[in-house]
Amino acid sequence: MRNIPHSAATSDGERLREQRLFERFQRDGDLAARAELVERFLPLARKLARRYERASEPLDDLIQVASLGLLKAIDRFDADRGDAFSSYAVPTILGELKRHFRDSGWSVHVPRGLQERVLEVNAAVERLSRDLGRSPSPQQVALKLDLPVERVLEAMEAGAAYDTVSLDRPRRSLDEEPGGTIADGIGDADDRFELVEDRLTIGRGVRALPQRERTILYLRFAEGLTQAEIGERMGMSQMHVSRLIRRAIDRLRAVAQTM
């Protein structure tokens, strides 16, 4: 009798055990067999989930998503084709993880194709960083993925859209006052907004005045001339200038009230 290596015999035994479990589940609806298949391949799902682990995405959530992909793979696998289950399960689980990132992971909308390219670029950066002992250049990433450098740079820039920070998050800089938020450091109240509104209101009223009154208001409030100086320039008495100024201001108030 020919000797069979122990590892090969073990592998064949495991493969036979796997086939029998699928037969029991798919033919007889044996849920205990399904549970055993889940337990058997759960380490594979966890391993794939760790590929996408990042600070902003808890590993437990990724394992849950990968486990859901494993369940789908078990339920959809056609054991009669004779293929190894792992060859079917891996792309199914990875597809579930990628779908998770596409549908719920991004803080702002990014086209699906670009989302997938971001994941590919991030994975390539991690692999190259381990191989090189440093962060790779965009050119090295592009060479690894056989992509133009511009598309790699676009993916790296789009990757910044994955996470957003709440404006209510406390600031952590050492030179900032404690208790402040990020929103406290963005912009400030600008008193000139009221000035802009006033200028728009006055501008509409001024355009509604006769030319002579517009000229008198300009000389009084823009040039700073006295009423006597205006009267001398316009050829009228100071009292008449005063009446025209009061009438023009009343008209401006009436226009402002209608806005």
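Heavy atoms only: backbone and side chains are in, while hydrogens, waters and symmetry mates are out.
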Worked check of side chain to side chain contact (heavy atoms under 4.5 Å, CB included) between E150 and E154: CA-CA 6 Å; E150 293 77 10; E154 181 186 30; over 6 Å; no
Distance in Å, [X] [atom1] paired with [Y] [atom2], rounded so as to fall on 0.5 Å steps:
X: L37; Y: L71; atom1: CG; atom2: CG; value: 10.5 Å
X: T226; Y: R220; atom1: OG1; atom2: CZ; value: 7.5 Å
X: R24; Y: L31; atom1: CZ; atom2: CG; value: 10.5 Å
X: R46; Y: L70; atom1: CZ; atom2: CG; value: 10.5 Å
X: L42; Y: I63; atom1: CG; atom2: CD1; value: 8.0 Å
X: E232; Y: S237; atom1: CD; atom2: OG; value: 13.0 Å

Cluster overlap L143 with V149, hydrophobic side-chain contacts below 4.5 Å: no
ILVMFWY cluster, L68 and I93 together (side-chain gap under 4.5 Å): no
Salt-bridge criterion met for R151 and E120 (N-O under 4.0 Å): no
NZ/NE/NH1/NH2 to OD/OE distance under 4.0 Å, D250 and R253: yes
Main-chain N/O of S137 paired to Q140 side chain as donor or acceptor, under 3.5 Å: yes
Donor-acceptor contact present, side-chain S242 to main-chain Q238, <3.5 Å: no
How about [X]: does its [atom1] atom have over 12 heavy atoms from other parts shown lying under 6.0 Å from it?
X: Q64; atom1: CD; result: no
X: Q211; atom1: CD; result: yes
X: R134; atom1: CZ; result: yes
X: Q19; atom1: CD; result: yes
X: R20; atom1: CZ; result: no

Residue pair [X] / [Y]: nearest heavy atoms and the distance that separates them:
X: A248; Y: L217; value: CB-CD1, 3.7 Å
X: A89; Y: L44; value: CB-CD2, 4.4 Å
X: L48; Y: L97; value: O-CD1, 3.7 Å
X: I74; Y: F22; value: O-CE2, 3.8 Å
X: I216; Y: I230; value: O-CD1, 3.9 Å
X: K144; Y: R127; value: CE-NE, 4.2 Å

R251 side chain reached by P210 side chain, heavy atoms, under 4.5 Å: yes
Student check: side-chain heavy atoms of L244 and R247 closer than 4.5 Å: yes
For F25, all residues meeting ring-ring contact (aromatic ring centres under 6.0 Å, His included), sequence neighbours excluded: none
Verdict with reasoning, K72 to D75, per salt bridge (charged side-chain N to carboxylate O under 4.0 Å, His left out): CA-CA 5 Å; K72 290 182 178 181; D75 292 342; over 6 Å; no
For V125, all residues meeting side chain to side chain contact (heavy atoms under 4.5 Å, CB included), sequence neighbours excluded: V121, S129, P136, V141, M156
Chi angles and distances behind the salt bridge (charged side-chain N to carboxylate O under 4.0 Å, His left out) call for E96, R99: CA-CA 5 Å; E96 200 68 26; R99 190 176 301 109; 2.8 Å; yes
Residue from M234, Q227, R233 passing side chain to side chain contact (heavy atoms under 4.5 Å, CB included) with V241: Q227
Geometric class of the F77/F85 ring pair [parallel <30°, tilted 30-60°, perpendicular >60°]: perpendicular
Criterion salt bridge (charged side-chain N to carboxylate O under 4.0 Å, His left out) on R17 and E36, from CA distance to verdict: CA-CA 11 Å; R17 175 65 178 168; E36 187 172 341; 2.7 Å; yes
